[in-house]
Amino acid sequence: MAGQLARLVEVSGWANVRFGVVPGVAVPRVPLHGFSVYDDAAVSVETFTRELTLTDADEVRAYVEIFEGFERAAVFGDEARRLVERAGRAALKRLGEHLGSGDDSGEASA
């Protein structure tokens, strides 16, 4: 996971990428599935069983509003990179603690 987070930090510096992170804050409407917004023309919705393309203006607007809520809650630029770097360090620390415990069962201990 730390490698994936490092890749996000790298890509976030590209000129053609706008990278945002939603910190641990409440977002009013969280979808139960992934989606991609293509301007105001279409939305691709990824359900458990298939992918749907929505083009009805009211449906597209609903997803655009959800996306805009995440965008308002997100941080960008250096602040976003710092959050990802912090998460990477925390993941490595947890991995080190797990490996150092001698417990390779994968089960949590109390």
Let me confirm one number: the CZ-NE2 distance from Phe48 to His33, rounded to the nearest 0.5 Å.
9.5 Å
Drop me the distance from Arg82's CZ to Arg86's CZ, to the nearest 0.5 angstrom.
8.0 Å
Does one hydrophobic cluster hold both [X] and [Y], with members joined at side-chain heavy-atom distances below 4.5 Å?
X: Leu52; Y: Tyr38; answer: no
X: Phe76; Y: Val37; answer: no
X: Leu92; Y: Leu8; answer: no

Listed by chain and number, what are the side chain to side chain donor-acceptor pair (under 3.5 Å) partners of Arg7, not counting sequence neighbours?
Glu10
Taken in chain and number order and not counting sequence neighbours, the residues that satisfy side chain to side chain donor-acceptor pair (under 3.5 Å) with Glu51 are Ser44
Heavy atoms of Thr55 and Ala42 approach each other most closely as CG2-CB, 4.0 Å
Non-hydrogen atoms of Pro23 and Ala73 that approach each other most closely:
CD-O, 3.4 Å
Which residues pass the side-chain contact (heavy atoms from CB on, under 4.5 Å) test with [X], not counting sequence neighbours?
X: Asp56; answer: Asp58, Glu59
X: Thr49; answer: Thr47
X: Asp40; answer: Arg61, Val64
X: Ala91; answer: Met1, Arg94

Hey, are the side chains of [X] and [Y] touching, using non-hydrogen atoms and a 4.5 Å cut-off?
X: Val45; Y: Tyr63; answer: yes
X: Leu5; Y: Glu85; answer: no
X: Pro31; Y: Ile66; answer: yes
X: Val43; Y: Ser36; answer: no
X: Glu71; Y: Arg18; answer: yes

Kindly check if the number of other-residue, nucleotide or ligand heavy atoms within 6.0 Å of CZ (Phe19) is above 12?
yes
Does a sphere of radius 6.0 Å around CD in Glu65 hold more than 12 heavy atoms from other residues, nucleotides or ligands, not counting ones at 6.0 Å or beyond?
yes
